[in-house]
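First comes the structure, then the notes that go with it.
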Amino acid sequence: MNTNSLTSLILATTLVAAHAGVAAKAPAPVAPKIPTGDWLATTISPVTNPVFFEDPAIRSEVRPLYMHHRIDGGFPTGAGDVDLYALQIRYALTDRLALIATKDGYIDINLDNGAELGGWADVALGLKYALIDDRVNEFILTPGFTFEIPLGNTEVFQGNGDGELNLFVSSAKGFGKFHLTGNTGLRVPFDTDEESLILHYDLMADYRICSWFQPFVSTSGITVLNEGSGPAFTTEGYDLINFGSSEAGGETQIVLGAGFRSQLTPSLSFGIAYEKAVTSPEGLFNDRITADLIWRF
């Protein structure tokens, strides 16, 4: 090997060693903080209080539901059963804005005294908008509104008044597999004689054991802020009916619930819940079983 070749080899070896030393001392690049997954995909839609406990997530879905509701024996009509067969629809217009149809269906009332009543429910439509959708910190805040159109049958205590505006805010916060979902809103009637002004509120805690089994506990309640001039009931009709009860001002009704939701396929889930009134007088609400299917598209 001649002198020039040896000099070139020594120089190349020196440069490689120097570069390796600098690289070893340089700090490793820090990866940007990005979500590891969509936390909202592991949250569940509420099963309890289906008319007013609105999911804050923006999704497109069709939701058939069935409700079997037991009337408390102390209510003026006496004890009995109420069955509701309904279909809710939600359509995501954008990733933050959704059209929602939350109330409709057929109501079947069977009282223990032998009376049988049946008819269509009022129809409620509206919009909701995800004002805050923070996927990194697992938080979503969604205000919205629905307008209840009095198209139902008076035989099942629908169709009274001039309609009702429901202004609400829903939110959810994730803590890994544990989630808290809440909702609060104000039901404002356009005819304050026919229907009562009602504050409603809900809270649900769920835990994702697996996709097949996600149990939850919940509480729902209403407070009558201003009574109507309707029948002299001391309680209101909770979620499905607004009697405009003339003796219900200031009354609060609370129910507790528990159940689970199961993800049957990536687009189809099943939910079931049991609710029981815990305040007195229970009024129209003794207990209730609600079941639904949700198909997302």
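The first residue of the sequence shown is numbered 1, and numbering continues consecutively from there.
- Here the straight-line distance linking atom CG of Asn160 with atom CZ of Phe243 works out to 9.5 Å at 0.5 Å rounding.
- Here Leu197 contributes atom CG and Thr192 contributes atom OG1; the two are 9.0 Å apart, rounded to the nearest 0.5 Å.
- Neither Ile44 nor Trp295 shares a network with the other; the hydrophobic side chains, linked directly or stepwise wherever heavy atoms of I, L, V, M, F, W or Y lie under 4.5 Å apart, form separate groups for each.
- Counting non-hydrogen atoms of neighbouring residues, nucleotides and ligands closer than 6.0 angstrom, the NZ atom of Lys177 reaches no more than 12 such neighbours.
- Scored by the side chain to side chain contact (heavy atoms under 4.5 Å, CB included) test, Val169 finds Leu141, Pro143 as partners (sequence neighbours excluded).
- Heavy-atom minimum distance, Phe285 versus Asp287: CE2-CA, 3.8 Å.
- Taking 4.0 Å as the cut-off between side-chain N and carboxylate O, Asp133 and Arg96 do not count as a salt-bridged pair.
- With rounding to the nearest 0.5 Å, the separation of OG1 in Thr181 from CG in Leu203 is 8.0 Å.
- Using cut-offs of 30° and 60° on the angle between ring planes, the pair Phe52 and His200 is tilted.
- Among the candidates Glu164, Gln158, Glu194, Glu148, the single residue satisfying the side chain to side chain donor-acceptor pair (under 3.5 Å) test with Asn242 is Glu164.
- In this structure, Ile140 CD1 and Thr43 OG1 are separated by 8.0 Å, a value rounded to the nearest 0.5 Å.
- Every pair passing salt bridge (charged side-chain N to carboxylate O under 4.0 Å, His left out) that includes a residue from residues 45-70 is listed here, sequence neighbours excluded: Glu54-Arg90, Glu54-Lys128, Asp55-Arg59, Glu61-Arg90, Glu61-Arg296, Arg63-Asp292, Arg70-Asp81, Arg70-Asp112.
- Every residue meeting the side chain to side chain contact (heavy atoms under 4.5 Å, CB included) condition with Phe213, not counting sequence neighbours, appears here in chain and number order: Ile209, Cys210, Pro215, Phe260.
- Separation of the Phe75 and Phe233 ring centroids falls under the 6.0 Å cut-off.
- The two atoms that bring Gly118 and Val156 nearest to each other are C-CG1, 3.6 Å, heavy atoms only.
- Note on Asp239 versus Arg288: salt bridge recorded, some NZ/NE/NH1/NH2 to OD/OE distance being below 4.0 Å.
- With Phe175 as the aromatic partner, Lys173 meets the cation-pi criteria of under 6.0 angstrom to the ring centre and within 45 degrees of the ring axis.
- Each of Leu186, Val188, Ile198 was compared with Leu225 under the side chain to side chain contact (heavy atoms under 4.5 Å, CB included) criterion, and only Leu186 meets it.
- The structure places OG of Ser269 at 7.0 Å from CG of Leu264, a figure rounded to the nearest 0.5 Å.
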